Trainee: 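One structure, as structure tokens, below. Some questions next.
Chain identifiers are assigned alphabetically (A, B, ...) following the order of the sequence lines, protein sequences preceding nucleic acid strands; residue numbering begins at 1 within each chain. Worth saying up front: this structure is predicted, and the values here are computed from it rather than measured. All values below were derived from every heavy atom in this structure, side-chain atoms included, with hydrogens, water molecules and symmetry-related copies excluded.
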Amino acid sequence: MEYLLPNGDRLSLPDGATGADAAAAIGPGLARAALAIKVDGVTYDLARPLPTGGEGRIEILTERSGEEALELIRHDAAHVFAEAMLELYPGVQISIGAPIENGFYYDLDLPDGVTLNEEDFPAIEARMREHIEADEPFVREDVPVAVALDRYRGAGQSYKVELIEDLVKNAPADAPVETVSLYTNGDFVDLCRGPHAPTTKRIRAFKLQSVAGAYWRGDSNRKMLTRVYGTAFFSQRELDEHLERLERARQNDHRRLGQQLGMFAFSEVSPGAAFWFPGGAAVFNELVRLSREMGRDRGYVEAKTPQVYDSSLWKTSGHWDKYDANMFVTEYEEQQMALKPMNCPGHAKLFSMQPHSYRDLPLRLWEPGLLHRREPSGTLHGLLRVRHFAQDDSHIFCTEDQIQEEVAGVLQFAFDTYRLFELDVRLELSTRPEQRIGSDELWDRSEAALESALAGLGLEYTINEGDGAFYGPKIDIHMTDSLGRSWQLGTCQLDYNMPERFGLAYTGADNAEHRPVMIHRALMGSYERFIGILLEHFGGELPVWLAPLQVIVLPIADRHNSYGRSLRDRMAALDIRVELDDRTESVGRKIRDAEVRKVPFMLVIGDREQASGEVGVREHRAGDVGAVPAEEFIRRISELIATRALRHDRASEG
RNA sequence: GCCGACGUAGCUCAGCUGGUAGAGCACUUCACUCGUAAUGAAGGGGUCCGGGGUUCGAGUCCCCGCGUCGGCUCCA
């Protein structure tokens, strides 16, 4: 058969030729460097005969092939890890190991009474290194199901047995599973789809990183296995660089930055709820103000609704049945009450308390509502996952033919918001979940409406089957934190159900009652989470308008304090967040402390400035940018704040 | 909630195999009055997360609880 190389050359190979043959035919250097071969986009082991048919586009993967090549040796490393564990921990049962972004993992069931922690890693790594040095070939073998089952039953590897049984059970009727592939390296045989590099020695550098728990089959009703995470690279240098990147990301952890900047803290007297220090509260309030102002310009109106409601409200909305375990419930004079975990039922109730004409629609209600959710203890994570938070929450009540325009408006609003911070986001459309309320017909209409809104704006998105809210499908907007974890920011959810349950109505042009549609939306998600994301995104260096402290005045000597005070007072009167550092310390010291706090502007004032009514401007990172008249500085910073400028570089130059 | 690790001064952390606590920074006071990333000295500050237990004696060992961290499950 004739194959096509990436450079356009053609390569003719006899039937039955392997990837190794292909590499050798191209050149001896490539034959040595080859790790695997890609045929029409599918990667194969070098030792396997090349598939025939298809277009025959082939590409030899080598160490220089990037992520695809790394995936191979990370998968290899997972096998070597399991091999070492079987040798070092008799009785261990292995389940699943796989390459993932930036590394690999393997899930194991350790014998009773045996635990694994990071102190055990050096010994395991040493054993892994022996197997890598031994340059064990990975040998693939396709064996009948019965043979594989016998093998793993005999070895007491019940997880592998279950995996094989499920492979057979879940195979489509027209393509039954009769054989499974096994990969052997050294004495270790693993059930595995492959592909692998030719030998273990291709793993040039690796490291075990952490140990964690993971449910078998991802099912919280099943056994918790021990998961070990690790990574592998083609050189020690690349591995070291990767570890350094992780360390830098840890420096940008919002919890660390929040502490360092004096913005917020947590206490065990209220787990999952932040205490906001004045600096952090200022940031919080700036964001609330931003959503209020942007909403006002887009036809939103502000509402306020209660914190605690009788359980009947939650029964009407359906939350009581689905989320009762996740609400803070309390009793009050024999009434069961619950703290609101979301604003929608309150807003629906509010809507129902006044008559509405079709002329009033869409009604865009906004409330920075305070919410409490009883999140399981193990899920809390700094500001990113909390029990008490405030959402920039809106509910749009509209007619069915207004849906598309409203959804488009919400998405546009979202992008306008994120642009202020240069945040890169991605969209996901989540469709009907198994546990839901409402008829399939309503769901069909809702999902179609969201899809056409996305299509209308020409946006790219992925689909999350079954991940919708229990009352309607949603478009979610996600972002990634400093360690690559994904967090949801915004959401736009379409809901026919809540209006139904609350019996909402408006009077149409025909003077008859009609049911409105409800669109739930939040753009920052929660202010807490958004601040966490922003801190990591900006490495703690928030734009001036958002900075906890915008200006600090640094008198050189005590005799400049009164000038400093007058400067501070003038700026404070303009709502600029400003402090005066009148400690009896050296300027050097005051500057250092201000730099550590990442204060965007430092105003150094001494005899010269005092005499001329100027300020010596120092910008965070940029350093001394020269003296300007105080008026001039105040005018410029006010401008930066008023326009919510993203950057202030050169702010004090002409 | 589940698995594992961790919890010592406001913060970051040290404290070997059990012998009743230490550093740096921060804070207070004093001296210094300083020109762009740490002036010096002195001082105050701890229910060693909480509760039980073992022991002559527990920060240290064991058990339970709480919290935090890394994951898993969940996330209206």
Trainee: Summarise protein proximity over nucleotides 8-15 of chain B in one line of letters, 5' to 3': B for base, S for sugar-phosphate only, - for none, counting protein heavy atoms closer than 4.0 Å.
Mentor: ---S----

Trainee: Which nucleotide, in any strand shown, forms a Watson-Crick or G-U wobble pair with B:C72, with both distances under 3.5 Å?
Mentor: B:G1

Trainee: Would you call the rings of A:F104 and A:F81 parallel, tilted or perpendicular if under 30° counts as parallel and over 60° as perpendicular?
Mentor: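 Aromatic pair A:F104/A:F81 classed tilted.
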
Trainee: Which parts of nucleotides 35-50 of chain B does protein reach within less than 4.0 Å, heavy atoms only, written one letter per nucleotide 5' to 3' as B for base, S for sugar-phosphate only and - for none?
Mentor: BBBBB-----------

Trainee: Taking side-chain hydrogen bond (donor to acceptor under 3.5 Å, both in side chains) as the definition, give me every residue that meets it alongside A:D440, ordered by chain and number, with sequence neighbours left out.
Mentor: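 With neighbours one apart ignored, the set is A:R436.
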
Trainee: Mind checking what makes side chain to side chain contact (heavy atoms under 4.5 Å, CB included) contact with A:T115, not counting sequence neighbours?
Mentor: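 Side chain to side chain contact (heavy atoms under 4.5 Å, CB included) check on A:T115 returns nothing, list empty.
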
Trainee: In Watson-Crick or G-U wobble terms, both distances under 3.5 Å, what is the partner of B:U20?
Mentor: none

Trainee: Show the atom names and distances, to 0.1 Å, of all donor-acceptor pairs under 3.5 Å that link a side chain in residues 341-349 of chain A to residues at least two apart or in another chain.
Mentor:
from, atom 1, to, atom 2, distance (Å)
A:N343, OD1, A:K340, NZ, 3.1
A:N343, ND2, A:D393, OD2, 2.8
A:H347, ND1, A:H395, ND1, 2.7
A:H347, NE2, A:E367, OE1, 2.8

Trainee: Going by the rule ring-ring contact (aromatic ring centres under 6.0 Å, His included), which residues pair with A:W443 if we only count those two or more places apart in sequence or in a different chain?
Mentor: none

Trainee: Specify the residue among A:L380 and A:L116 whose closest nucleotide of RNA chain B lies further upstream toward the 5′ end.
Mentor: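 Its nucleotide being nearer the 5' end, the pick is A:L116.
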
Trainee: What is the nucleic acid contact for A:G382, judged by heavy atoms within less than 4.0 Å: base, sugar-phosphate only, or nothing?
Mentor: sugar-phosphate

Trainee: Among residues at least two apart in sequence or on other chains, which ones pass salt bridge (Lys or Arg N to Asp or Glu O under 4.0 Å) with A:R255?
Mentor: A:D253

Trainee: What residues from residues 307-318 of chain A pass a heavy-atom cutoff of under 4.0 Å to RNA chain B?
Mentor: none

Trainee: So, A:F389 versus A:H372, ring centres under 6.0 angstrom or not?
Mentor: no

Trainee: Quiz question: by atom type and distance under 3.5 Å, do the side chains of A:Y527 and A:S291 form a donor-acceptor pair?
Mentor: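 The answer is yes; a qualifying pair exists.
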
Trainee: Got a sec, which residues hit salt bridge (Lys or Arg N to Asp or Glu O under 4.0 Å) with A:K315, two or more places apart in sequence or on another chain?
Mentor: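 Checked A:K315 against salt bridge (Lys or Arg N to Asp or Glu O under 4.0 Å); zero matches.
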
Trainee: With a 3.5 angstrom cut-off on both distances, give the Watson-Crick or G-U wobble partner of B:U47, or none if there isn't one.
Mentor: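 Paired with no nucleotide.
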
Trainee: Which residues pass the salt bridge (Lys or Arg N to Asp or Glu O under 4.0 Å) test with A:E541, sequence neighbours left out?
Mentor: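 Counting only residues at least two positions away or on another chain, A:E541 forms a salt bridge (Lys or Arg N to Asp or Glu O under 4.0 Å) with A:R621.
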
Trainee: Using a 4.0 Å heavy-atom cut-off to protein, can you give one letter per nucleotide of nucleotides 71-76 of chain B, 5' to 3': B if the base is in contact, S if only the sugar-phosphate is, - if neither?
Mentor: BBBBBB

Trainee: My understanding is that a pair needs two contacts under 3.5 Å, Watson-Crick or G-U wobble. By that rule, which nucleotide pairs with B:C30?
Mentor: B:G40

Trainee: Anything under 3.5 Å between a donor and an acceptor, one on a side chain of residues 591-599 of chain A, the other on a protein residue two or more places apart or in another chain? List them.
Mentor:
from, atom 1, to, atom 2, distance (Å)
A:D593, OD1, A:R589, NE, 3.4
A:D593, OD2, A:R583, NH1, 3.1
A:D593, OD2, A:R583, NH2, 2.8
A:D593, OD2, A:R589, NE, 3.2
A:E595, OE1, A:H620, ND1, 2.8
A:E595, OE2, A:R618, NE, 2.7
A:E595, OE2, A:R618, NH2, 2.8
A:R597, NH1, A:E579, OE1, 3.2
A:R597, NH2, A:E579, OE1, 3.4
A:R597, NH2, A:E579, OE2, 3.2

Trainee: Can you tell me the base-pairing partner of B:C25? Count Watson-Crick or G-U wobble geometry only, both distances below 3.5 Å, and say none if there is no partner.
Mentor: B:G10

